[in-house]
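Taking it in order: structure first as structure tokens, then the write-up.
By convention in this document, chain letters (A, B, ...) are assigned in the order of the sequence lines, proteins followed by strands, and residues within each chain are numbered from 1. Atoms considered below: every heavy atom in the structure, side chains included; atoms not considered: hydrogens, waters and symmetry mates.
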Amino acid sequence: MAAVDPAAAQAGLTPGLALADARARTPALRVVAHRPDLDDALLGRVLEDFGRFTPMIAQDPPHGLMLDVTGCAHLFGGETGLMRTVQARAERAGLKIRCALAGTPQVARALARFGPGGRFEPGQDRAAARRLPVAALELSDKEDEALRCLGLKRLGDLDDRPRAPLAARFGADFPTRLARVLGDEDMRITPHRPAAPVIVDRVFFEPISAPEDVERVLSDLLVETMDRLDQTGLGGRVFKAAFYRVDGETRRVVVRTGRPTRDAPATLRLFRERMAVLAAPLDPGFGFDQMRMSVPWTQVLAPTQQGLERETPGEEAFSRLIDRLTARLGPEAVLRFEPFASHIPERAARLVPAAARHGDETWPDLDPDDPPLRPLQMFDPPQPVETLAEVPDGYPLKFRWRRVLHEVTRAEGPERISGEWWRAPGQRTRDYYRVEDRDGRRFWLFRQGLYGETPEPRWFIHGLFA
Amino acid sequence: MQNIHSQPEALAALKTRLEALDRAGGRRAGAGVRAGSDDAFAPLATGVLHDLYAAAPADAVAVNAFGLGLALRAAGGRPIVWGLHEMMAQEAGRPHGPGLHEMGLSPRDLLLVRTRDVQTLLAVGEEALRSPAVGAVLLSAWGEAKAFSLTASRRLTLAAETGGAPLFLARAGALPCPSAAETRWSVASCASEPLEGGAPGRPSFSATLLRRRGGGATGTWIMEWDREQRTFRPPAPLSGGLVPLAAQRPTAASGTAGRRAA
């Protein structure tokens with residue numbers, strides 16, 4: 001048996017008991033298979049939901065959560081109110097929990113797991129921790145046993161003794177452990193999600209569900225967020241809205257901007273577009289009871305004069321267009337070309353999301369006498385063609401592509417391009433030809449491999465010229 | 001009811017509005033390949049919609065290049081938005097950065113927006129046209145689609161009027177259909193003027209003006225894309241040949257008229 005509920009515990013069952021023994025003692029036993037993965041998933045969902053109380057939240061295994069509520073409690077009616085809210089929320093989710101609120105995370109953990117739980121005023125928590133059993137140190141069974149044999153049952157007993165002999169007996173980290181559990185040493189928690197520099201919250205007395213209400217709150221949150229950013233001279237690059245549903249589900253919507261911004265209406269428009277194209281639409285269910293706007297990524301943004309330049313054409317307006325399109329279509333659909341140092345044609349340029357700032361890349365200079373030597377549109381991968389050549393080494397006289405026969409009237413080549421042997425050995429050399437057919441269409445063909453090699457060289461079409 | 005003449009401010013405001021309407025109307029009337037002028041090589045009107053059709057499905061790349069050329073000329077250094085229907089990329093290949101660069105277009109000034117369906121493509125076009133920063137918009141689509149309705153083209157025209165940039169709608173694998181476009185072209189690839197050694201030359205197009213708004217001459221022109229000047233011109237043997245480029249120009253101009261008459 002992995003765990004028992006309170007009723008079973010009253011009947012005298014304990015975790016670790018064999019199932020047959022338990023059945024013998026309590027025939028009316030209801031057994032549920034132990035699924036640690038589902039436990040973890042549930043805990044994960046609770047963690048997302050409890051994010052409403054504080055952004056500084058972390059898992060505290062086994063089966064525990066640690067909330068750093070510094071500066072958050074007043075939102076929920078003080079520390080007592082906060083604890084009551086947490087209790088009520090957990091009970092509604094069908095969980096039995098024990099809370100403890102103390103000065104440091106380690107003390108709170110020890111008091112919740114090995115003590116009575118509850119709220120401890122500053123100064124009280126050390127006294128309470130001293131009353132805890134030595135098991136609260138979470139040592140190995142052998143060391144627990146050894147402590148008990150020595151007659152040291154409470155943490156207070158250990159606290160009264162000099163530390164050096166204890167360290168000699170139980171290891172060098174023993175005093176540290178003791179200091180942490182007693183609250184002498186404060187170890188901050190590592191939050192599940194790093195806290196954003198700017199966070200603005202709205203907790204609702206009544207859950208809201210109408211889309212226009214949600215949008216109004218979103219707009220309020222954004223205005224307040226921008227005010228805060230303005231005070232610190234920052235602009236946001238990523239805005240994250242979190243919607244906490246009454247039933248514990250949490251949805252997050254993220255928008256990114258190409259440059260730091262403090263423009264609330266423009267950001268609201270981005271949210272509107274993002275939310276219009278969500279794969280799973282934002283479902284309020286029985287309503288949202290809290291919304292939060294956070295700005296995980298900020299950059300310095302110099303204050304601007306408002307109102308003087310109403311229309312701002314140029315780079316800024318263009319970057320706003322990119323933001324709007326990216327919000328609607330996703331970063332993989334709104335792209336810019338970037339040159340890449342490779343002589344392999346298909347690697348010579350990359351498409352990068354336009355929202356990411358681009359450097360001042362340079363493209364190679366062109367000879368004004370040359371026609372375009374690279375195709376406007378390229379097939380990736382190249383498409384195979386059947387060819388008929390006059391001489392094995394020359395360009396094809398005719399080639400068949402997509403079941404159409406093309407007669408070559410003009411050709412230029414070969415332009416020989418070798419494989420990048422330092423990346424992938426065994427790439428075959430390609431001979432490229434620019435050809436024009438009788439209808440006046442221009443193609444970029446290549447022969448992969450050289451004549452006399454095995455396997456036989458093959459012909460491909462790689463691109464189309466205008 | 002009060003007489004309007006007793007409210008000079010209201011009257012002035014009305015007059016201003018009427019004048020503004022007049023200006024917009026005037027620009028529309030004078031738009032397009034200028035009515036009465038036979039100069040097909042002049043830049044097309046901005047703030048309106050131009051339909052470009054590939055004469056055959058295999059001319060998809062030609063119609064895209066023609067559209068890019070027109071967009072590049074209209075943009076005047078401002079960014080160009082190229083909305084690309086995914087189907088077009090599958091049929092005619094994906095745009096190639098170095099190839100764009102060799103057309104004379106700075107890939108830095110090009111925003112490529114890929115869309116899965118035509119509906120989204122048109123929405124992207126509208127959004128881009130409304131932005132004051134955009135110099136020109138090119139939308140490339142493959143195949144027939146219900147979304148290309150008269151209503152859609154009117155919406156695009158309105159958006160183009162707002163932003164002032166032209167929209168070039170390049171379509172391949174589709175038959176010309178009615179729209180609110182200022183001009184409608186059918187574009188095909190055309191044999192180029194060969195270079196030394198019989199090598200294929202510069203991008204060449206055979207462009208047929210099918211219709212222009214408000215009537216006017218139509219016809220077919222052979223055009224060659226001049227990368228250095230960023231313009232279309234009648235085909236001419238390239239420099240490096242026997243005749244210097246400067247001496248070539250008057251001949252080229254008279255050549256246009258001859259070819260048009262033919």
Can you say whether [X] sits under 4.5 Å from chain A via the side chain, the backbone, both, or neither, judging by heavy atoms?
X      : answer
B:S106 : neither
B:F66  : neither
B:D109 : neither
B:L84  : neither
B:V134 : side chain
B:V81  : side chain
B:E127 : both

Picking from [options], which has the most non-hydrogen pairs under 4.5 angstrom with chain A?
options                      : result
B:G83, B:A56, B:S204         : B:S204
B:R130, B:R227, B:E228       : B:R227
B:A65, B:A188, B:P107, B:A58 : B:P107

[X] atom [atom1], over 12 foreign heavy atoms within 6.0 Å:
X      : atom1 : value
A:R256 : CZ    : no
A:R347 : CZ    : yes
A:R402 : CZ    : yes

Part of [X] lying under 4.5 Å from any heavy atom of chain B:
X      : result
A:V404 : neither
A:L373 : both
A:R328 : side chain

Straight-line distance of [X] [atom1] to [Y] [atom2], nearest 0.5 Å:
X      : Y      : atom1 : atom2 : value
A:L329 : B:L121 : CG    : CG    : 10.0 Å
A:I322 : B:S131 : CD1   : OG    : 9.5 Å
A:D367 : B:E102 : CG    : CD    : 10.5 Å
A:L335 : B:R114 : CG    : CZ    : 5.0 Å

Heavy-atom closest contact ([X] atom, [Y] atom, distance):
X      : Y      : result
A:R410 : B:P194 : NE-CB, 3.5 Å
A:R442 : B:S189 : NH2-OG, 4.5 Å
A:F318 : B:L111 : CZ-CB, 3.9 Å
A:L366 : B:H101 : CD1-O, 3.5 Å

Min side-chain heavy-atom separation A:R434-B:L195 under 4.5 Å: yes

Only distances under 3.5 Å count here; give the side-chain donor-acceptor pairs of residues 89-100 of chain B to other protein atoms, sequence neighbours excluded, each with its distance to 0.1 Å.
| from | atom 1 | to | atom 2 | distance (Å) |
| --- | --- | --- | --- | --- |
| B:R94 | NH2 | A:D380 | OD2 | 3.1 |

Between A:G463, A:P364, A:A348, which residue shows the highest count of heavy-atom pairs closer than 4.5 Å to chain B?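 Sorted descending by pairs with chain B, the first entry is A:P364.
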
